[in-house]
Undergrad: 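This structure is in structure tokens; I'll ask about it shortly.
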Number of protein chains: 2
Amino acid sequence: LENIYCSIITIGDELLIGQTIDTNSAWIAQQLNPIGVQVKRRVAVGDNKEDIINALNEEQKHAKIILITGGLGPTNDDLTKPILCDYFGSTLVMNEAVLQHVTSFFERRKRPMLAINNNQALVPNNCEVLFNEVGTAPGLLFEKDDTLIIALPGVPFEMQYLVSTHVLSKISKKYRRPTFIHRTLITAGEGESFVANRLIDFERTLPENIKLAYLPKLGMLKLRLTGTEISETDIEQHFSELKNILANIFVADQDIELEEQIGILLKEKNKTLSVAESCTGGNIAAKITSIKGSSLYFKGGIVPYSIESKQNLLNVNEHTIESTTVVSEATALEMAQNCLQKFNTDYAIAITGYLEKNDHENQIWIALANKNFYTAKMITVPYDREKNTVLTVNSALNLLRLFILENP
Amino acid sequence: LENIYCSIITIGDELLIGQTIDTNSAWIAQQLNPIGVQVKRRVAVGDNKEDIINALNEEQKHAKIILITGGLGPTNDDLTKPILCDYFGSTLVMNEAVLQHVTSFFERRKRPMLAINNNQALVPNNCEVLFNEVGTAPGLLFEKDDTLIIALPGVPFEMQYLVSTHVLSKISKKYRRPTFIHRTLITAGEGESFVANRLIDFERTLPENIKLAYLPKLGMLKLRLTGTEISETDIEQHFSELKNILANIFVADQDIELEEQIGILLKEKNKTLSVAESCTGGNIAAKITSIKGSSLYFKGGIVPYSIESKQNLLNVNEHTIESTTVVSEATALEMAQNCLQKFNTDYAIAITGYLEKNDHENQIWIALANKNFYTAKMITVPYDREKNTVLTVNSALNLLRLFILENP
């Protein structure tokens, strides 16, 4: 089976001056992949006729399916519709169904409709109109022999609606495609090159239709197997092997973040958590609470950023701080134990350390406690303030995950 | 003077299957813009030789500067270096300075170095090596007549380091570019279309070589004037006018973040701050502590995520919560006042609210206190959990900034 390729063209000056980060392309790729369509290229161009036509011409050399997002609105800087009309020699015709929809769209929102909004119902006479239930600009689908050129609005939820309800089924009907399966393994605590070194033999034995990719993050590494035209059992076998080799640094066999895993663990066990974080300044609590429903297991946190607040709010012993300093195993352990008590939770994690270059290495102490047990670990962080924060948060969340697993 | 265009090629399968969102391109565009280089196109291709070479060939038709990110690591799926070698007929040579750096990089981290890491010091003999102080893969700069082709690692902070320390100065030396002057005004509290409406006359009087750009963020709006080939005094005059028109929503006349402004204010006045944040879950403390030196004025925070912790750690009166609920003016005010006391600070801010869609609108109460005065404001947030968090944090930081200014 031949691979079916797609190119995504995103249109808008805001993408080229760094004002907007393109999240549409990633979403589209996630939808196309499971139906066996590979995104071959993604191209962003500005609101400029020549650039848009160039992109249209070029991308057809690379892919059968061209998805265009952006520039379908009603104002003067929305160029996609007139350019496609030109490109396909279309005449604009009034589409009564779209006009009725646009009119009622404004009525329902009790907003006056401007003349300009009527234009949204003018559509090229030689395309298929993809009805946009959730917005005013319809999608436009042009079919040219084996090629599909589909223009979609840039507003994420409108684009998503049109892809889900129209585009995927259209593609599925038009093309026969190979199947892809992805499996992602998350590891922590070992660098990319070390892991690669351990996987030399594994990579050598991989069949041609399975590829391994390394996706490093600070303190973590994702490994992705992609199988083409392969059975679930076949890829599962290689994925199990990968998990076995890396068992000692295993974090997860799904592409989910640490804070989500921690949430799942705590909900399963019906346990609660609190946090005392000094140098990470609220970032661990922020990660934990980024998960919907985290109030079920997260009771709260303290950010004792000053020595005074470590003593007054967390009751860390003055003597401990004086004799071991604020960045020490003893201080971290007291912070974790007192945090556990103050919030009356099943688990507590505490962090104290230096994020910025001192004469000595930047040390961070991470302590963990439950009612029966406590432990602490020191890590060193070599980067700048921002990266050291991310590295510390990732390391702390992984230690917390392990602590929960090992101390149920 | 001719415009200088840049194309950004990002390499990596993870960009095409929707696993990674490309934030590098936006960052690069933000750096190139002020030195007069326009990003013309952004292209993402997979880890595939043919696709990478196609992109290299095509982008040179559109731009003089080709920036490539990704695929420079030490593993087998990192194709950029071998492909560029092929493309430019290079021989790989061992670069002693890079080798020494890589070796000491591993030594400093007390981690054994693998044979594979030596490869990072193998560089094409016909390129300029951009020394990477913060990672192991150097950047590679190829110069071909009027064209620059520069390969950078995909890890954001390594890429950012190389762009800041090597790439911008190289571009500035090589090309004559029109001069651009940017002036940024930050406003808060009024939407883009309202502000645009107030600026109709202002925009009409702008000379052709000054452009106004609207850069909306959640709860904030940045306005950027860009003058091409213009004098400082000329653009200053228009910028002052802009400031006058928008005086009532003025936040800053420099592009600095709210948390940095708050830090500057507190240091100037030698005052201290503490935070009690429920629904924002640590994000405000995290912003405040993202500023180097914030320990001078930030004493700490509490994240009282449960009702129990609001009572036990912040001493919010049980009766207040029962009679007004946890999301109320009274609860927010008590949180702020008790936070001020607990941390013994000059200012305190407290936040309590709902971030996710309820039947009613999502209300957030933000309270501020110093020793003599307290006040609270309610805002409503209409988006999803993530966006609502950002909007609440931005709104809270701006209210805090105003409170400090008005209550010195």
Side-chain angles (χ1 to χ4, degrees), chain A residues 15-19 21-23 26-27 29-30 33 38-45 58 182 191-194 196-197 203 212-216 224 255 281-286 288-290 292 295 298-306 308-309 312-313 342-344 356 382-383 385-387, chain B residues 13-23 26-27 29-30 33 39-45 51 58 73-77 108-109 111 114 116-117 134 155 157 215 281-286 288-290 292 295 298-306 308-309 312-313 342-344 356 385-386:
Chain A
L15 295 162
L16 297 181
I17 64 166
Q19 188 177 347
I21 287 170
D22 169 31
T23 55
W27 188 88
Q30 284 167 10
N33 225 267
Q38 259 184 286
V39 176
K40 181 85 167 167
R41 287 163 54 92
R42 286 170 25 190
V43 182
V45 296
E58 277 182 14
H182 300 284
E192 183 182 7
S193 46
F194 283 86
N197 205 40
E203 289 205 56
L212 173 67
Y214 294 82
L215 312 168
R224 189 188 57 227
D255 195 2
N283 279 285
I284 292 180
I288 299 280
T289 58
S290 71
K292 193 184 161 91
S295 59
F298 183 64
K299 287 207 185 175
I302 293 184
V303 183
Y305 214 59
S306 57
E308 193 187 331
S309 63
N312 295 348
L313 276 105
K342 288 250 168 205
F343 284 97
N344 187 29
E356 293 198 78
Y383 308 112
R385 190 178 184 86
E386 198 185 333
K387 282 86 200 177
Chain B
D13 287 342
E14 66 278 13
L15 295 160
L16 297 180
I17 66 163
Q19 192 160 17
T20 305
I21 287 168
D22 170 30
T23 55
W27 187 89
Q30 285 167 10
N33 223 264
V39 176
K40 182 84 169 168
R41 287 163 53 93
R42 285 171 24 190
V43 182
V45 296
D51 294 345
E58 278 183 14
T75 54
N76 283 336
D77 65 339
R108 280 203 310 274
R109 281 161 188 71
R111 277 161 46 184
L114 303 167
I116 204 177
N117 296 118
V134 299
V155 182
F157 77 91
L215 313 167
N283 279 287
I284 291 180
I288 299 280
T289 59
S290 72
K292 193 184 162 89
S295 59
F298 183 64
K299 288 208 187 176
I302 293 184
V303 182
Y305 215 60
S306 58
E308 193 187 330
S309 62
N312 296 347
L313 275 104
K342 288 251 167 205
F343 283 96
N344 186 30
E356 292 197 79
R385 187 179 188 87
E386 200 184 330

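Convention: sequence-line order gives letters A, B, ...; per-chain numbering from 1. Values reported hereafter were calculated over all heavy atoms of this structure, with side chains retained and with hydrogens, waters and symmetry mates removed.
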Undergrad: Determine the minimum heavy-atom distance between A:G282 and B:A285, stating which atoms define it.
TA: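 Heavy atoms of A:G282 and B:A285 come nearest at CA-CB, 4.4 Å.
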Undergrad: Would you mind telling me which of A:G300, A:S309, A:S290, A:A44 has the largest number of heavy-atom pairs within less than 4.5 Å of chain B?
TA: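 Of the candidates given, the most pairs with chain B belong to A:A44.
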Undergrad: Check whether any side-chain N or O of B:R385 sits under 3.5 Å from a backbone N or O of A:T289 as a donor-acceptor pair, and report yes or no.
TA: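 Here the side-chain-to-backbone pair exists.
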Undergrad: Heavy atoms only, distances under 4.5 angstrom: which of A:S306, A:G301, A:A26 has the most pairs with chain B? Name it, please.
TA: A:G301
Undergrad: In terms of heavy-atom proximity below 4.5 Å to chain B, should A:K299 be classed as side chain, backbone, both, or neither?
TA: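 Both parts, backbone and side chain.
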Undergrad: Which atoms form the tightest heavy-atom contact between A:Y305 and B:F298, and what is the distance?
TA: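 So the minimum-distance heavy-atom pair works out to CD2-O, 3.5 Å.
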Undergrad: Is B:I116 in contact with chain A via its backbone, its side chain, both, or neither, using a 4.5 Å heavy-atom distance?
TA: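 Side chain only.
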Undergrad: Which atoms of A:L215 are under 4.5 Å from chain B, going by heavy atoms: the side chain, the backbone, both sets, or neither?
TA: side chain
Undergrad: Is A:N33 in contact with chain B via its backbone, its side chain, both, or neither, using a 4.5 Å heavy-atom distance?
TA: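 Side chain only.
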Undergrad: With a 4.5 angstrom heavy-atom cut-off, which part of A:F194 approaches chain B: side chain, backbone, both or neither?
TA: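 Contact with chain B: backbone and side chain both.
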Undergrad: Which atoms of B:N283 are under 4.5 Å from chain A, going by heavy atoms: the side chain, the backbone, both sets, or neither?
TA: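 Both backbone and side chain of B:N283 come within 4.5 Å of chain A.
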Undergrad: At their closest point, which heavy atom of A:V45 faces which heavy atom of A:L16, and how far apart are they?
TA: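 Looking at all heavy atoms of both residues, the shortest contact is C-CD1, 3.7 Å.
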Undergrad: What is the distance from atom CG of B:L114 to atom OG of A:S193, rounded to the nearest 0.5 Å?
TA: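 OG of A:S193 is found 5.5 Å from CG of B:L114.
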Undergrad: Tell me, side chain or backbone of A:L313 under 4.5 Å from chain B's heavy atoms, or both, or neither?
TA: side chain
Undergrad: Please determine whether a side-chain nitrogen of the Lys or Arg among A:R41 and B:D51 lies less than 4.0 Å from a carboxylate oxygen of the Asp or Glu.
TA: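 A salt bridge is absent here (no side-chain N lies under 4.0 Å from a carboxylate O).
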Undergrad: Measuring heavy-atom distances to chain B, does A:L15 have an atom under 4.5 Å in its side chain, in its backbone, in both, or in neither?
TA: both
Undergrad: Quick one: which of A:E308, A:E58, A:E203, A:K342 has the most heavy-atom pairs under 4.5 Å with chain B, could you say?
TA: A:E58
Undergrad: The test is side-chain contact (heavy atoms from CB on, under 4.5 Å); show your working for B:D13 and A:R224 and say whether it passes.
TA: CA-CA 10 Å; B:D13 287 342; A:R224 189 188 57 227; 3.5 Å; yes
Undergrad: Under a 4.5 Å heavy-atom cutoff, which of B:T20, B:N312, B:N117 has the most pairs with chain A?
TA: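 Going by pairs under 4.5 Å, I would pick B:N117.
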Undergrad: Name the option with the most non-hydrogen atom pairs under 4.5 Å to chain B; the candidates are A:G191, A:P216, A:G281.
TA: A:G281
Undergrad: Just so I understand: if I count every heavy-atom pair under 4.5 Å between each of B:F157, B:W27, B:F343 and chain A, which residue has the most?
TA: B:F157
Undergrad: CD of A:Q30: more than 12 outside heavy atoms within 6.0 angstrom?
TA: yes
Undergrad: Output, in order, the C-alpha distance, side-chain angles, deciding distance and verdict of side-chain contact (heavy atoms from CB on, under 4.5 Å) for A:R42 and B:D22.
TA: CA-CA 11 Å; A:R42 286 170 25 190; B:D22 170 30; 3.8 Å; yes
